[in-house]
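Okay, structure first, notes after.
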Amino acid sequence: MKKTGWNLVLVFMAIVMLVSATSIQPPPKAAAAPINMAYGKPVQVSSTENASYSAPNAVDANGNTRWSSSYADQQYLIVDLGSAQTVSSVRISWEAAYARQFQIQTSTNNSTWNTVYSNYNAAGGSQTIHFSAVSARYVKIYMIQRATSYGFSLWEFEIYDTGSGGGGETIGVLDYLRGVGRTGTIIGQHNREPNSNPSYYTNQIYNRTGKYPALWSGDFLFSQSDVDNRWTMIYEAERQWYNGAIINLMLHVTNPKQGEVGAWQGGVVSDLTDSEWSSLITNGGTLNSAWKKRLDTYATYLQYLEDRGVPVLFRPFHEMNQGIFWWAGRSGANGTAALYRLTHDYLEYTKGLSNLIWVWDMQDLAPPSGKTFATDWASYNPGSSYWDVFAVDIYEGLTMEKYNAAIAVAGEKPIAIGEFAKMPTPSQLQQMPRWAFAMGWAEWVYAVVPGQNNNQPFNTTSEIQATYYAANVVTLDELPSLQ
């Protein structure tokens, strides 16, 4: 794997949340996630503090931009849905300058208003407000009294019909990856550190294309700051799902001899001896117990998402043939595949998680002597019942040979480009239609990565735009209602 910019620091162990090791019964199957009808719609406001805090920021699905009013009471923000829609809830994400008193109002003509919700002692933060379903083209948040000396400021104002789940037939995420209702390859973007800004790289793609990736990806990570901000990352995953995106989560974490907090070099990139490996994959071993304690921690976050109906593409051990990582490079039944099976069984059967779509991931490293891509990858296979999607990280050099090898390994299951730097072209994806998704790796998609590609970006802006606007590529705005 080719990665740069990892924090090379060793810091004190993070305090981790532990949950019971008893089995958790999975809740009933979640309803389809509703679609945020406010996303990208025209907005009318009573005032704006300045051009940096303009009205469209409140409906751009970017939790790092905001609208702010002038420093006065009695302000409003109105979203025009374009036509009459059934509306039954809104989600408000306030900046520190929130409204102590406010109302939600609806209208069919932007003239006569119906108040569907009032709060005269609000506390700010993020809140979801439900009310009886109404038909409305215009939805207003009327901010009556400020809680601070500043104006009113919103990170996001989202509008939903929670009763219908956004309208139209809903499709399970895994079924969609299998091809049900899918018209092309899903384009995705990974967001590596910092977890304090967990959609930074997704937003960079939007800035260059005017379109959001259909798949949002985050990571549990390992530095002190990133461990401290894991909940920030999880809350963003929840927000992205409710805005219509597919969610992918990864584990770039330190080896179980260490604490949660550590370094890239010596922590993530590290080795276990054969005896330590045996302790890891053997039930009751010292490292086996340490790893399960880690899984207890990760399960807390994953359970939070399950409780809110969020399915997760979960890639616990990516690039299982890439020997620089502590978990990787051990082929055979008792190698990396054994750790994958252990992790799968503990999270699914001991912790009771049922929202995980398991991704088995390899890298397109040159096969060892006497092996092909397919036979090398197959030597790391955890077993067909342990994974749902087979992914290959292909940073550059996408070929039909690799595509056909992926099909040979996966059979009828979905295949994906787990990570890329050089973006697949629409023509390549037309020739290789079984790629269910292709996910760009952080800044490698658009920026200069020192020492890579002759210090030139892997893709020009026009090349990125060509893929994002291709008819056989699925972006966020083209996803169906998923569950």
Side-chain angles (χ1 to χ4, degrees), residues 30-40 57-66 89-93 126 128 155-160 162 165-166 170-174 176-177 186-207 209-221 226 229-250 301-315 355-357 359 416 437-442 445 468 474-483:
I35 300 299
N36 174 18
M37 295 186 286
Y39 170 59
N57 290 349
V59 294
D60 65 356
N62 182 348
N64 299 301
T65 62
R66 59 188 173 95
S89 73
V90 299
R91 179 182 177 275
I92 307 168
S93 180
S126 295
T128 299
W155 293 110
E156 288 297 316
F157 183 58
E158 301 172 359
I159 302 168
Y160 298 99
T162 53
T170 59
I171 304 171
V173 171
L174 184 53
Y176 189 65
L177 294 174
I186 300 158
I187 196 72
Q189 179 66 27
H190 183 68
N191 295 273
R192 65 173 181 86
E193 68 270 40
N195 270 345
S196 59
N197 189 1
S199 282
Y200 176 81
Y201 298 98
T202 289
N203 295 331
Q204 291 297 313
I205 294 297
Y206 176 81
N207 292 342
T209 66
K211 281 177 166 280
Y212 282 102
L215 182 148
W216 175 94
S217 179
D219 203 311
F220 283 84
L221 293 172
D226 292 318
N229 279 285
R230 281 175 175 171
W231 278 114
T232 303
M233 182 270 293
I234 291 296
Y235 294 148
E236 180 64 12
E238 178 189 12
R239 191 185 73 84
Q240 288 283 341
W241 169 254
Y242 279 102
N243 200 47
I246 295 169
I247 305 305
N248 181 82
L249 291 179
M250 302 173 67
Y301 301 101
L302 298 170
Q303 184 68 57
Y304 174 90
L305 294 174
E306 176 168 328
D307 291 343
R308 284 149 185 82
V310 183
V312 175
L313 295 178
F314 186 54
R315 192 194 308 184
N355 63 325
L356 304 182
I357 298 169
V359 180
F437 70 81
M439 187 182 81
W441 184 263
V445 177
Y468 266 75
V474 180
T475 52
L476 177 64
D477 56 305
E478 297 168 319
L479 284 175
S481 180
L482 298 170
Q483 64 180 1

Approximate separation, where rounding is to 0.5 Å, of [X] [atom1] and [Y] [atom2]:
| X | Y | atom1 | atom2 | result |
| --- | --- | --- | --- | --- |
| Asn64 | Asn197 | CG | CG | 4.0 Å |
| Glu156 | Asn62 | CD | CG | 7.0 Å |
| Asn243 | Tyr212 | CG | OH | 8.5 Å |
| Leu177 | Ile246 | CG | CD1 | 5.5 Å |

With sequence neighbours excluded, residues passing side chain to side chain contact (heavy atoms under 4.5 Å, CB included) with [X]:
| X | result |
| --- | --- |
| Asn57 | Ser54, Asp60, Thr65 |
| Ala38 | Asn36, Val59, Val79, Ile159 |
| Asn207 | Gln204 |
| Tyr235 | Trp231, Glu238, Tyr304 |

Would you find a donor on one side and an acceptor on the other, under 3.5 Å apart, between the side chain of [X] and the backbone of [Y]?
| X | Y | answer |
| --- | --- | --- |
| Trp155 | Ser126 | no |
| Gln189 | Ala442 | yes |
| Asn191 | Ser217 | yes |
| Glu306 | Asn355 | yes |
| Trp216 | Arg239 | no |
| Tyr160 | Tyr242 | yes |
| Arg230 | Phe220 | yes |

Who pairs with Gln240 by side-chain hydrogen bond (donor to acceptor under 3.5 Å, both in side chains), at least two apart in sequence or on another chain? Ser199, Glu236

Quick one: list whatever passes side-chain hydrogen bond (donor to acceptor under 3.5 Å, both in side chains) with Asn195, sequence neighbours left out. none

Checking Asn229 against Ser196: is there a side-chain donor and acceptor pair closer than 3.5 Å? no

